[in-house]
K.L.:
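Pasting a structure here, questions to come.
The chains referred to below are lettered A, B, ... by the order of the sequence lines, with proteins before strands, and numbering in each begins at 1. Because the structure is a prediction, the values reported are computed rather than measured.
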Amino acid sequence: MEKLHVYNSLTRRKEVFEPISPPFVGMYVCGPTVYGDAHLGHARPAITFDVVYRYLRHLGYKVRYVRNITDVGHLENDADEGEDKIAKKAKLEQLEPMEVAQYYTDRYHEVMQMLNVLRPSIEPRATGHIPEQIRMIEKIIENGFAYVVNGSVYLDVVKYAQYYKYGELSGRENLDELLSGSRELEGQTEKKNPFDFALWKKASPEHIMRWQSPWGEGFPGWHIECSAMSIKYLGECTDIHGGGMDLKFPHHEAEIAQTNACLHPHPPRNEAKYWMHNNLVTINGQKMGKSLGNFITLEQFFSGNHPLLLRSYSPMTIRFFILQSHYRSTLDFSNDALTAAEKGLQRLLNGLRLAKELKTSPITTFDLNAYKASLYAAMNDDFNSAMVIAQLFEGIRLINAIDQGMEKITASDLEAFISLLNTFTFDILGLKQEIEDVTPRLEAVMNILIELRNEARKNKNYALSDAIRDKLAQNKILLKDTPEGTRWQFAPTE
RNA sequence: GGUAUCAUGGCCGAGUGGCUAGGCAGAAGUCUGCAAAACUUCUUACGGGGGUUCGAUUCCCUCUGAUACCUCCA
């Protein structure tokens, strides 16, 4: 079987995945900033790396998956006072900053659970790792890669670039171009160069979240938390570091620089062996953003309560929709696309249910091993979930063909076939049936109703039989008259 | 201006130097008291212009267009 290949953003190539210390795999993913509700843009990285996590575990790796919670607020780009983002919200709502962070952390967990996203192994908070961040900054200063100005600490990019490549990840290796491209902003006069970035920032008097440090009261810079926590829990160089494409620059570029500046390794270890970036979700071709007014939270998707939404979409529809595209492609949202995803998902899940009722034969008429290989080949090709789903539909086609007697399968092959389909659909892609479980009691009641209705149909009492069907439909139970008898199922949730 | 990514059939979206991904929608058919569902079949696309090649949607150049980022929003 072909080996797993991963697209490494650092080298811009697909590489064979070889963990640094097999069977262990360390994976760090940049988590949410908890000052607002999670939206579609949060679902994409969470689901992308959830599938990576699930598949690596499926392959037998012992994975430690770390996804942080950023609860140290960051400065508002356009805020007059340069107020801490979380602190600002706290003042508006008359809450403690940590209360706000806790509230949105809980909300984040709720929607992630609905999306069937597994909890990471460790979910560290930035505020819980201030000492680690301070020690890291001290080390960087010791190594001569940072300078202190007026209670703030900045990384000296020019100095750093004398020892290591800066800008490799984002293709910004020419510092002169970087210089000409950077914007002139207020309050940058402390820096030696505009592209130097803060490791520690002195707190202004109105800043609520602040900590004591060797350089006075302040708060950590915007990138140092991930580096500090990645090193703490996953070592000096982890296997995978993931996040959204929008984090490549400056966030991940800064992380690489900080980590090399702190550890001062030769050759550079760049914090992670494989850097993975998922692409963005767009709405009508545009990035989703609060300022653009096309910002839809996941909760709004689930409830349908947003002007851009024609109706509600279930968490699994969202998950399936995201997995239908490859994680490195942009994904454009629309009601039509989501409706199409919902129907496709329904077809997939209905087919899997049918598989359990198939009749077996003395022979199997198709190549089950080749089919299995195609599923693994798709996953091994940089987690191509879109290809996996296409192959799962090929599986559904086979199930229907068996049901119609056009293909045959042995009992043992059927067992293996069902197990394979379930493994990929539920364990690896993390989809799930959203309908409630059928209890034996409900099953018995349904059988009685179907029997009565069929009695009525036999007597050509269609008024009664249709009434039974319609009333059940009103209660989200659908009847289907097939040549094999009447089948029933729950209506898709809306 | 710089950096990066991308442009695929009515819609969404994979992929590939030659072998018509897949889903949704649409059409026809099978089944059926009706309905719904299901199944089968069909609709052969890769932004424009050059080039490399026996052959390019796939590689190279160029043009056009789109999106993101360019250090204090992650």
K.L.:
Rounding to the closest angstrom, what is the interatomic distance between rA21(B) and rU57(B) at atom P?
P.N.:
14 Å
K.L.:
According to side-chain contact (heavy atoms from CB on, under 4.5 Å), who are the partners of Glu394(A), at least two apart in sequence or on a separate chain?
P.N.:
Tyr371(A), Gln391(A), Arg397(A), Leu398(A)
K.L.:
Using whole Å, what does the distance between atom P of nucleotide rG15(B) and atom OH of Tyr7(A) come to?
P.N.:
13 Å
K.L.:
Roughly, in whole Å, what's the span from OH in Tyr166(A) to C1' in rC70(B)?
P.N.:
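Rounded to whole Å, this separation is 10 Å.
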K.L.:
Mapping Arg453(A) and His251(A) onto RNA chain B by nearest heavy atom, which one lands closer to the 5' end?
P.N.:
Arg453(A)
K.L.:
Quick check on rG15(B): is either OP1 or OP2 less than 4.0 Å from any side-chain nitrogen or oxygen of Asn384(A)?
P.N.:
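For rG15(B), OP1/OP2 do have a side-chain N/O of Asn384(A) under 4.0 Å.
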K.L.:
Across nucleotides 37-45 of chain B, 5' to 3', mark each nucleotide with B, S or - according to how protein heavy atoms within less than 4.0 Å reach it.
P.N.:
SSSS-----
K.L.:
What are the two closest non-hydrogen atoms of Gly395(A) and Leu421(A), and how far apart are they?
P.N.:
CA-CD2, 4.4 Å
K.L.:
Base, sugar-phosphate, or nothing for Thr339(A), non-hydrogen atoms under 4.0 angstrom?
P.N.:
nothing
K.L.:
Rounded to the nearest Å, what distance is computed from the CG atom of residue Leu247(A) to the C1' atom of nucleotide rA4(B)?
P.N.:
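Rounded to the whole Å, the gap is 15 Å.
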K.L.:
Would you give me the side-chain donor-acceptor pairs under 3.5 Å for residues 246-253 of chain A, sequence neighbours excluded?
P.N.:
residue	atom	partner	partner atom	Å
His251(A)	ND1	His223(A)	ND1	3.0
His251(A)	NE2	Glu255(A)	OE2	2.9
His252(A)	ND1	His277(A)	NE2	2.8
Glu253(A)	OE1	Leu169(A)	N	3.4
Glu253(A)	OE1	Ser170(A)	N	2.8
Glu253(A)	OE1	Ser170(A)	OG	2.5
Glu253(A)	OE2	Gly167(A)	N	3.3
Glu253(A)	OE2	Glu168(A)	N	3.4
Glu253(A)	OE2	Leu169(A)	N	3.3

K.L.:
Using Watson-Crick and G-U wobble pairs with both distances under 3.5 Å, what is the 5'-to-3' dot-bracket string of RNA chain B, with [ ] for crossing pairs and | for pairs outside the strand?
P.N.:
(((((((..(((.....[...))).(((((.......)))))....(((((..]....))))))))))))....
K.L.:
Return the value, rounded to whole Å, for the distance between atom CH2 of Trp222(A) and atom P of rC70(B).
P.N.:
14 Å
K.L.:
Would you mind reading off the distance between Arg457(A) atom CZ and rU32(B) atom C1', rounded to a whole angstrom?
P.N.:
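Result: 9 Å.
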K.L.:
Select base, sugar-phosphate, or nothing to describe what Thr282(A) touches, counting heavy atoms under 4.0 Å on all strands.
P.N.:
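Nothing: the residue Thr282(A), judged by heavy atoms under 4.0 Å, touches no strand.
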K.L.:
From rG13(B), rC69(B), rC24(B), pick the nucleotide closest to the side chain of Asp332(A)?
P.N.:
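Of the options given, the side chain of Asp332(A) lies nearest rG13(B).
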K.L.:
My understanding is that only residues two or more places apart in sequence, or in another chain, count here; which of them pass side chain to side chain donor-acceptor pair (under 3.5 Å) with Gln102(A)?
P.N.:
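Side chain to side chain donor-acceptor pair (under 3.5 Å) check on Gln102(A) returns Asp106(A), Arg125(A).
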K.L.:
Would you say the side-chain atoms of His241(A) and Glu271(A) include a donor-acceptor pair closer than 3.5 Å?
P.N.:
yes
K.L.:
Using heavy atoms to find the nearest nucleotide of RNA chain B for Tyr327(A) and Phe320(A) separately, return the residue whose nucleotide is more 5′.
P.N.:
Tyr327(A)
K.L.:
Taking the basic N atoms (NZ, or NE/NH1/NH2) and the acidic carboxylate oxygens, is any pair closer than 4.0 Å for Asp403(A) and Lys359(A)?
P.N.:
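The answer is no: the pair does not qualify as a salt bridge.
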K.L.:
Can a donor-acceptor pair under 3.5 Å be found between the side-chain atoms of Arg469(A) and the base atoms of rA35(B)?
P.N.:
yes
K.L.:
Taking the six-membered ring for Trp and the full ring for Phe, Tyr or His, determine whether the centres of Phe366(A) and Phe417(A) are under 6.0 Å apart.
P.N.:
yes
K.L.:
Salt bridge or not for Arg311(A) and Glu342(A), using N-O below 4.0 Å?
P.N.:
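So Arg311(A) pairs with Glu342(A) through a salt bridge.
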K.L.:
Give a yes/no on whether any side-chain N or O of Ser465(A) is located under 4.0 angstrom from OP1 or OP2 of rC34(B).
P.N.:
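Looking at the OP1 and OP2 atoms of rC34(B), neither is under 4.0 Å from any side-chain N or O of Ser465(A).
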K.L.:
When you measure only distances, ignoring hydrogens and angles, does the side chain of Asp381(A) come within 3.5 Å of the base of rG15(B) through a donor and an acceptor?
P.N.:
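Under the 3.5 Å cut-off, the side chain and the base do not form any donor-acceptor pair.
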K.L.:
Categorize Phe393(A) for me: base, sugar-phosphate, or nothing, with a 4.0 angstrom heavy-atom threshold over every strand shown.
P.N.:
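Phe393(A): backbone/sugar contact only, no base atoms under 4.0 Å.
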K.L.:
With a 4.0 Å limit, can you tell me whether Lys343(A) has a side-chain N or O closer than that to the phosphate oxygens OP1/OP2 of rA25(B)?
P.N.:
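Affirmative; the distance criterion is met.
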K.L.:
Not counting sequence neighbours, which residues clear side-chain contact (heavy atoms from CB on, under 4.5 Å) with Thr282(A)? List them please.
P.N.:
Asp332(A)
K.L.:
Using a strict 4.0 Å threshold on nitrogen-to-oxygen distance, state whether Arg453(A) and Asp481(A) make a salt bridge.
P.N.:
yes
